[in-house]
There are 2 protein chains.
Amino acid sequence: MAATLHDVAHVAGVSFKTVSNVINDHPNVRPATRERVQKAIAELGYRPNLTARSLRSGHTGAITLAVPQLRLPYFAELADAVIRAAEARGLVVLIEQTSGERDRELEVLKSPRLRMSDGLIFSPLGLGEEDAALVTAEVPMVLLGERIFSGGCDHVTMQNVEGARAATEHLLDTGRQRIAVVGAHEGEVIGSAGLRLKGYREALESRGIEYDDGLVAYVGTWHRANGAEAMHELLDRGVEFDAVFGFNDTLAQGAMRVLQEAGRRIPSDVAVIGFDDLDETRYSIPTLSSVNPGREEIAKTAIKVLMERIKNPAGPAPREILTQFEVIARESTAA
Amino acid sequence: MAATLHDVAHVAGVSFKTVSNVINDHPNVRPATRERVQKAIAELGYRPNLTARSLRSGHTGAITLAVPQLRLPYFAELADAVIRAAEARGLVVLIEQTSGERDRELEVLKSPRLRMSDGLIFSPLGLGEEDAALVTAEVPMVLLGERIFSGGCDHVTMQNVEGARAATEHLLDTGRQRIAVVGAHEGEVIGSAGLRLKGYREALESRGIEYDDGLVAYVGTWHRANGAEAMHELLDRGVEFDAVFGFNDTLAQGAMRVLQEAGRRIPSDVAVIGFDDLDETRYSIPTLSSVNPGREEIAKTAIKVLMERIKNPAGPAPREILTQFEVIARESTAA
DNA sequence: GTGAAAGCGCTAACAT
DNA sequence: ATGTTAGCGCTTTCAC
């Protein structure tokens with residue numbers, strides 16, 4: 001089968017330790033010997049067995065990324081960014097899908113599989129603050145998202161409250177007064193939905209507008225279909241509104257679709273803003289205003305922090321890192 | 001650090017082989033002993049070291065999926081499906097992004113990293129038929145897509161020609177005559193673009209309509225932006241058309257956007273159909289007709305075939321597997 | 001500068 | 001039914 005160090009050593013006529021030295025660029029090898037070894041390596045098409053190397057060295061060169069599902073464009077774009085950031089540092093990425101289910105999330109955390117990687121970037125959806133004590137892994141971990149803050153591990157997250165507040169203020173600035181919400185989670189305080197609702201309320205409050213629960217549509221998950229459903233519900237309720245804040249872009253897209261089906265014009269009748277700044281917001285009809293939560297930065301920072309933690313597990317105290325956000329105005333909120 | 005078999009054996013007062021027997025459900029263990037060992041395992045929080053197991057057993061329980069990029073919704077949905085299919089069989093998935101660049105694709109094929117997985121599902125974009133000889137890996141491989149057919153490995157692919165032909169015929173059936181194409185690749189014969197163009201031409205021919213290169217817009221990649229650009233170009237050319245066939249849904253979405261900006265109504269002025277049946281086609285304005293290429297089936301079949309090949313590398317001759325497709329009519333091609 | 005030997009944690013013959 | 005032994009392919013002391 002595949003050639004081993006021994007085979008190479010044999011062909012090159014040296015001890016297999018010398019071959020190892022050549023491969024790992026150790027200093028004490030005579031140029032002539034090195035050359036001979038390299039020739040043997042080429043001849044045999046030798047490739048190091050990384051599994052063996054991992055066993056010996058204790059690290060694998062891989063990290064795990066656990067997300068709800070790649071079908072959700074936000075996580076696809078996040079995974080894309082994480083893989084690129086990891087690759088830039090010579091790491092490969094193993095992806096686990098949790099469907100956002102608590103049990104599956106715990107399973108991933110506890111799986112022996114995790115040890116086949118050097119660290120974990122974990123974006124929980126089912127686990128909550130009350131589970132903080134369970135959120136530990138046998139490898140260094142960086143937490144993403146808004147579900148858990150009290151953990152003892154590094155945490156990279158976007159500014160949900162501030163971003164949502166800015167989005168709402170953007171709508172208010174265009175003269176909108178009755179802003180419907182699509183994507184709230186019943187009773188949630190600390191997840192993305194809870195925090196974005198908080199930002200929404202803060203913005204209203206700062207302008208002296210009273211919060212009206214009748215304008216808020218609650219959903220289960222954040223797929224396009226949920227946005228569509230929620231908008232149907234709002235329309236059925238018969239409440240008046242002149243703007244919609246979709247808690248993410250896919251919800252907003254679903255809602256826009258239904259609004260237009262119902263004959264509402266965007267933005268003249270109803271302005272719409274989303275959250276995430278997905279690529280597709282640039283091509284919908286109309287283009288969708290959104291909040292760029294700093295996804296690239298999240299990915300890059302997560303990788304950086306994780307690598308530091310892998311190098312030095314007992315390093316600095318866990319950090320809480322917030323990314324920059326930016327409101328991107330597009331057609332759906334034109335004045 | 002982490003407990004090993006030896007630690008468990010020590011605590012349970014047995015030899016470490018017995019522990020191994022318990023873990024691997026070997027028959028010859030007395031219930032009492034088994035129980036004692038299991039208690040020790042629980043007590044120490046023992047988890048097997050899969051790296052060591054891999055080294056010994058020769059397989060890793062992971063497979064590699066190499067795709068251009070997850071930002072392209074088609075590949076995000078494909079990866080999602082592959083991960084689910086793999087998980088159902090107890091495998092995890094490592095994802096490599098190639099950007100569709102030939103060099104990167106070759107790099108992935110040759111990387112020692114690949115041996116940290118048991119097999120490869122490879123969806124090339126940069127490599128072509130002329131590179132077939134280079135498309136070999138040190139692990140079993142299943143090829144996806146249309147770039148390479150002559151390889152000596154299992155190949156799962158969609159019916160591009162037939163699907164494209166059916167899409168075109170669908171447009172013709174609604175009375176359209178001048179069908180523009182968005183997404184062709186200059187001079188390509190065998191890639192998705194080449195094959196879909198072939199299907200388009202076949203459909204025209206079967207109805208006695210002459211092929212007009214003036215109706216074909218060529219692009220570089222298949223992002224939304226390319227679809228938008230291509231449609232701008234078609235409009236600038238001033239050619240008349242009453243339908244558009246986007247070679248994938250993202251291209252079609254970009255094109256629809258530009259068409260509507262230009263005041264063309266869909267489907268009354270121009271009908272539009274895409275390819276891939278992405279989730280987003282169900283929520284755009286208007287909803288986008290498309291061809292479902294059997295993505296779930298591709299994922300499931302690829303995993304199944306790969307596992308068979310892993311189990312038996314010298315097994316049956318490489319297979320060529322085609323999935324079922326289906327034209328999905330939505331608003332964008334309503335009569 | 002190069003080689004010999006030990007061992008990472010596990011599985012699988014082969015004893016006992 | 002349980003224990004012993006020999007590696008998987010590599011890195012890493014430590015000698016020479």
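Sequence lines set the chain letters: A, B, ... in the order given, protein chains first and strands last, and positions in each chain run from 1. Since the structure is predicted, the reported quantities are computational estimates derived from the model, not experimental observations.
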Listed partners of [X] passing side chain to side chain donor-acceptor pair (under 3.5 Å), at least two apart:
X        : value
B:Glu296 : B:Arg84
B:Arg47  : A:Glu138
B:Ser54  : none
A:Thr98  : none

Residues in salt bridge (Lys or Arg N to Asp or Glu O under 4.0 Å) with [X], at least two apart?
X        : answer
A:Arg319 : A:Asp154, A:Glu308
A:Arg53  : none
A:Glu105 : none

Exercise. Mind grabbing the angle between the end helix axes of the helix from C:dG1-D:dC16 to C:dT16-D:dA1? Five pairs an end, 10° rounding.
Key: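 About 40° separates the two local helix axes.
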List the atom pairs, donor and acceptor, that lie under 3.5 Å between side-chain atoms in residues 30-39 of chain B and the rest of the protein, sequence neighbours left out.
from, atom 1, to, atom 2, distance (Å)
B:Arg34, NH2, B:His26, O, 3.4
B:Arg36, NH1, B:Ala12, O, 2.6

Exercise. Ignoring backbone atoms, test whether A:Asn24 places a side-chain nitrogen or oxygen under 4.0 Å from the OP1 or OP2 oxygen of D:dT11.
Key: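 True: A:Asn24 side-chain N/O within range (under 4.0 Å) of D:dT11 OP1/OP2.
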Quiz item: Has B:Thr33 got a side-chain N or O lying under 4.0 Å from the OP1 or OP2 atom of D:dA1?
Solution: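 Checking D:dA1 against B:Thr33, no side-chain N or O comes under 4.0 Å of OP1 or OP2.
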Quiz item: To the nearest 0.5 Å, how far apart are CD1 in B:Ile63 and CE in B:Met307?
Solution: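 B:Ile63 atom CD1 to B:Met307 atom CE measures 9.0 Å (nearest 0.5 Å).
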Exercise. Using side chain to side chain contact (heavy atoms under 4.5 Å, CB included) as the criterion, list what pairs up with B:Thr221, not counting sequence neighbours.
Key: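 With neighbours one apart ignored, the set is B:His223, B:Asn226.
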Practice problem: Using the heavy-atom set of chain A and a strict 4.0 Å cut-off, write down the first and last nucleotide of DNA chain C that makes it in, 5' to 3'. | Solution: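 Terminal contacting nucleotides, 5' to 3': C:dG1 to C:dG9.
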Self-check item: Most 5' of B:Lys17 and A:Ser20 on DNA chain D, judged by nearest nucleotide
Solution: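 Checking each residue's closest nucleotide, the 5'-ward one belongs to B:Lys17.
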Quiz item: Which of residues 37-60 of chain B have a heavy atom under 4.0 Å from DNA chain D?
Solution: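 B:Leu55, B:Arg56, in order of number.
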Quiz prompt | Interatomic distance where CG belongs to B:Asn21 and P belongs to D:dA1 [whole Å] | solution =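 After rounding, the reported distance stands at 11 Å.
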